[in-house]
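Some notes on the structure that comes next.
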Amino acid sequence: MGQLVNGTWVDEWYDTKSTGGAFVRSTSGFRNWVTADGSSGFKAESGRYHLYVSHACPWAHRTMIFRALKSLTDHISVSVVHPDMLSDGWTFGTDFDGATGDDLFGKPFLRDIYTTAAPTISGRVTVPILWDKHTNTIVSNESSEIIRMFNSAFDGITGNTTDYWPEAQRDAIKDVNTRIYSDINNGVYKSGFATSQTAYDTAVTTLFEGLDWVEDRLSQSRYLMGDHLTEADWRLFTTLVRFDAVYHLHFKCNRKRIIDYPNLWGFTRELYQIDGVKETVNMDHIVRHYHFSHETINPHRIIPINPQLDFEAPHGRG
């Protein structure tokens, strides 16, 4: 793993020495917005925008789910990176099924997309990226904001007005999102990348307290916020769908599996079976990326046999 420093690639791994062995995630650097009327400088238009994603990355996966849910597949094009993230970071290699290459510029590395937008940029090279073909720049690399753009900005184009960020529930959704992000979404990474026993013990205990909390919440309502799906459910889903295949073993999150939680397992299967969602889940990329890319965790790069998970089994949730 590495980052760009004044436009130059520097090969380095996550720094945990300065944090007592705890993993700390960096923030996103491009925070522009697509709006329906274009007042932001980026108008919602069919064919104007392009997504760069990894099938392995749960943050990028959010954007692919919203692209499907909000009928944007014919309006926003996509390039998928190779699942292996080694010394050159994310690449556009095409020797793995489902890796598309760079459909816009034919570049070899994802970092080239960042330097195309800003030649002297510094920071980590991450997915997703929402690219504007008209102004030839990055709109955003913050997944939580990209999904909100997709949620409403293109409604006049698609006619799909389903709202996963309802105004009346926003404060409550933010509170739920905050705990899910810290304790669960990022909690699996804080557990897996911990380099001290204390950091690991703290992270993994918090993680399973968070999973117990959402299991209880889903015992009282069909979805996290009640009877209707919101972005909070989808932000949780991308971690749940990876958990038993990757995080349980690879990140040592092994107190319980998602299939051991009746409500969480039914919830995961229900969301997976919603139209368009299963097509966004590429388990081959997910399993390959984590086990092959993280040399400090899996130095021999052995790909495990993995459990056989039936996400299409009846979920029993009405």
Side-chain angles (χ1 to χ4, degrees), residues 27-55 57-80 100 103-105 110 113-114 116-118 126-178 180-181 185 223-225 228-238 271 274-277 279-280:
T27 57
S28 302
F30 291 87
R31 308 293 288 271
N32 303 302
W33 281 78
V34 175
T35 55
D37 63 3
S39 59
S40 62
F42 298 94
K43 185 177 182 178
E45 298 176 273
S46 180
R48 176 169 174 171
Y49 299 98
H50 187 80
L51 263 180
Y52 286 98
V53 300
S54 162
H55 281 315
C57 172
W59 323 107
H61 191 186
R62 299 172 177 180
T63 65
M64 289 294 283
I65 288 173
F66 271 73
R67 176 176 173 264
L69 293 175
K70 293 295 296 183
S71 307
L72 290 168
T73 54
D74 292 334
H75 302 283
I76 297 174
S77 51
V78 176
S79 291
V80 180
T100 66
D103 293 322
L104 289 189
F105 304 104
L110 188 70
I113 305 305
Y114 278 85
T116 297
T126 62
V127 286
I129 297 170
L130 183 62
W131 183 269
D132 178 15
K133 300 175 190 177
H134 287 196
T135 60
N136 220 36
T137 195
I138 294 172
V139 179
S140 178
N141 65 341
E142 172 50 57
S143 65
S144 66
E145 295 175 0
I146 293 172
I147 65 174
R148 290 180 185 168
M149 298 177 214
F150 288 1
N151 180 65
S152 60
F154 296 84
D155 287 4
I157 294 170
T158 64
N160 182 330
T161 58
T162 304
D163 188 5
Y164 298 99
W165 179 229
E167 188 168 359
Q169 290 184 291
R170 288 181 183 178
D171 287 342
I173 291 172
K174 286 178 183 178
D175 289 341
V176 171
N177 281 347
T178 296
I180 287 174
Y181 171 80
N185 298 147
Y223 306 116
L224 291 173
M225 306 308 301
H228 300 284
L229 282 163
T230 69
E231 69 167 46
D233 299 294
W234 294 111
R235 287 167 61 119
L236 175 62
F237 171 79
T238 59
L271 269 60
I274 290 173
D275 287 348
V277 173
E279 289 80 8
T280 70

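These numbers were taken from a predicted model, which means no experiment stands behind them.
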Query - Residue pair Phe154, Ile76: steps toward the side chain to side chain contact (heavy atoms under 4.5 Å, CB included) verdict - result: CA-CA 10 Å; Phe154 296 84; Ile76 297 174; 4.1 Å; yes
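- Using modelled atom types, no side-chain atom of Glu231 and backbone atom of Ile147 make a donor-acceptor pair closer than 3.5 Å.
- Under the 3.5 Å distance criterion, with hydrogens and angles disregarded, no donor-acceptor pair is assigned to the side chains of Tyr52 and Thr63.
- Side-chain contact check for Leu224 versus Ile180: some heavy-atom pair is nearer than 4.5 Å.
- For the pairing with Ser71, the side chain to side chain donor-acceptor pair (under 3.5 Å) check across Thr158, Asn160, Asp155 returns one residue only, Asn160.
- Looking at Tyr49 and Leu72, their side chains never come closer than 4.5 Å, going by heavy atoms from C-beta outward.
- Within 6.0 Å of the CG atom in Asp275, the count of heavy atoms belonging to other residues, nucleotides or ligands does not exceed 12.
- Distance check, rounded to the nearest 0.5 Å: CZ of Phe30 to CG of Asp132 gives 12.5 Å.
- Side-chain atoms of Leu229 and Ile274, non-hydrogen and from C-beta on, do get closer than 4.5 Å to each other.
- Side-chain atoms of Ser77 and Lys133, non-hydrogen and from C-beta on, do get closer than 4.5 Å to each other.
- The number of heavy atoms from other shown groups lying within 6.0 Å of NE2 (His134) is above 12.
- A pairwise comparison of heavy atoms in Ile138 and Asn141 identifies CG2-N, 4.4 Å as the closest pair.
- Atom CZ of Arg67 and atom NE2 of His75 lie 10.5 Å apart (nearest 0.5 Å).
- Between Lys70 and Thr161, the closest heavy-atom pair is NZ-C, 3.7 Å.
- Classification of the Phe66-Tyr164 ring pair by plane angle, with boundaries at 30° and 60°, yields perpendicular.
- None of Glu145, Met149, Glu142, His50 except one satisfies the side chain to side chain contact (heavy atoms under 4.5 Å, CB included) rule with Leu130; the exception is Met149.
- The heavy-atom pair separating Asp233 from His228 by the smallest distance is OD2-O, 4.0 Å.
- Minimum interatomic distance between Ala36 and Ala44 (heavy atoms only, all atoms of both residues): CA-CB, 4.2 Å.
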Query raised in the report: Hey, mind stepping through Val78 and Val53 against side chain to side chain contact (heavy atoms under 4.5 Å, CB included) and telling me if it holds?
Result: CA-CA 7 Å; Val78 176; Val53 300; 3.8 Å; yes
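- Side-chain contact check for Thr135 versus Phe42: some heavy-atom pair is nearer than 4.5 Å.
- In terms of heavy-atom proximity, Pro128 sits nearest to Ile146 at CG-CD1, 4.0 Å.
- No side-chain heavy atom of Tyr223 sits under 4.5 Å from any side-chain heavy atom of Leu236.
- To the nearest 0.5 Å, atoms CD1 (Ile157) and NZ (Lys43) are separated by 8.5 Å.
- Screening Leu51, Val34, Ile65 for a side chain to side chain contact (heavy atoms under 4.5 Å, CB included) with Phe150, the sole residue that qualifies is Leu51.
- Under the 4.5 Å side-chain criterion, counting only non-hydrogen atoms from C-beta, Leu110 is in contact with Ile129.
- Closest approach of Trp131 to Ile113, counting heavy atoms only: CZ3-O, 3.6 Å.
- A 4.5 Å side-chain heavy-atom check between Ser144 and Arg235 finds at least one atom pair inside the cut-off.
- When only modelled atom types and interatomic distance are considered, Asp103 and Ser79 share a side-chain donor-acceptor pair under 3.5 Å.
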